[in-house]
Amino acid sequence: MAGASLGARFYQQIKRHPGIIPMIGFICLGMGSAALYLLRLALRSPDVCWDRKNNPEPWNRLSPNDQYKFLAVSTDYKKLKKDRPDF
């Protein structure tokens with residue numbers, strides 16, 4: 001086992017202990033979900049500015065109807081009215 005590659009050792013462990021297959025599945029699901037959420041935060045959040053030259057303040061371009069939170073429990077963003085000045 002000293003000269004076996006990582007994939008071969010992993011396969012041997014799975015053959016020896018098949019109960020770890022669901023655990024590996026849930027770990028992969030959690031890591032994938034975390035990666036997708038971070039990608040969503042990086043691309044859709046008004047706090048992140050990728051292009052400072054063309055859009056230096058992206059949070060000022062949001063209308064009151066834009067929902068940027070992941071989950072809005074009691075707020076209906078379609079009914080909100082503008083209550084802030086234009087810049």
Side-chain angles (χ1 to χ4, degrees):
M1 213 167 178
S5 68
L6 184 63
R9 287 177 31 191
F10 182 71
Y11 181 70
Q12 288 174 354
Q13 287 294 325
I14 289 218
K15 278 181 66 176
R16 195 176 303 154
H17 304 288
I20 63 172
I21 294 173
M23 183 179 66
I24 292 170
F26 283 115
I27 288 173
C28 290
L29 180 70
M31 289 173 57
S33 299
L36 287 174
Y37 183 67
L38 285 175
L39 184 67
R40 182 196 178 276
L41 282 178
L43 296 177
R44 305 272 303 173
S45 176
D47 298 328
V48 179
C49 181
W50 293 100
D51 187 13
R52 288 183 188 257
K53 185 180 283 186
N54 295 328
N55 192 10
E57 296 176 343
W59 49 88
N60 285 335
R61 293 191 183 207
L62 288 175
S63 69
N65 299 343
D66 291 338
Q67 179 181 355
Y68 59 91
K69 290 188 176 184
F70 187 68
L71 179 66
V73 177
S74 62
T75 305
D76 187 15
Y77 283 92
K78 294 178 183 174
K79 295 180 181 178
L80 290 179
K81 296 179 180 165
K82 185 174 181 178
D83 61 348
R84 57 186 175 203
D86 289 330
F87 289 106

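What's counted below: heavy atoms across the whole structure, side chains too, no hydrogens, waters or symmetry copies. Along the sequence shown, residues carry numbers from 1.
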Inset, instruction - Quick one: pull up CG in L29 and CD1 in I24 and give me the separation to the nearest 0.5 Å. - result: 13.5 Å
Legend entry - Y11: side chain to side chain contact (heavy atoms under 4.5 Å, CB included) partners, not counting sequence neighbours: K15
Legend entry - Hydrophobic cluster membership, F10 vs M23, 4.5 Å side-chain cutoff: yes
Inset, instruction - State the CZ-CD distance between R16 and Q13, to the nearest 0.5 angstrom. - result: 5.0 Å
Inset, instruction - Return the set of residues passing side chain to side chain contact (heavy atoms under 4.5 Å, CB included) with M31 (not counting sequence neighbours), or none when no residue passes. - result: I27
Inset, instruction - Using a cut-off of 6.0 Å, state whether more than 12 heavy atoms not belonging to I21 lie near its atom CD1. - result: yes
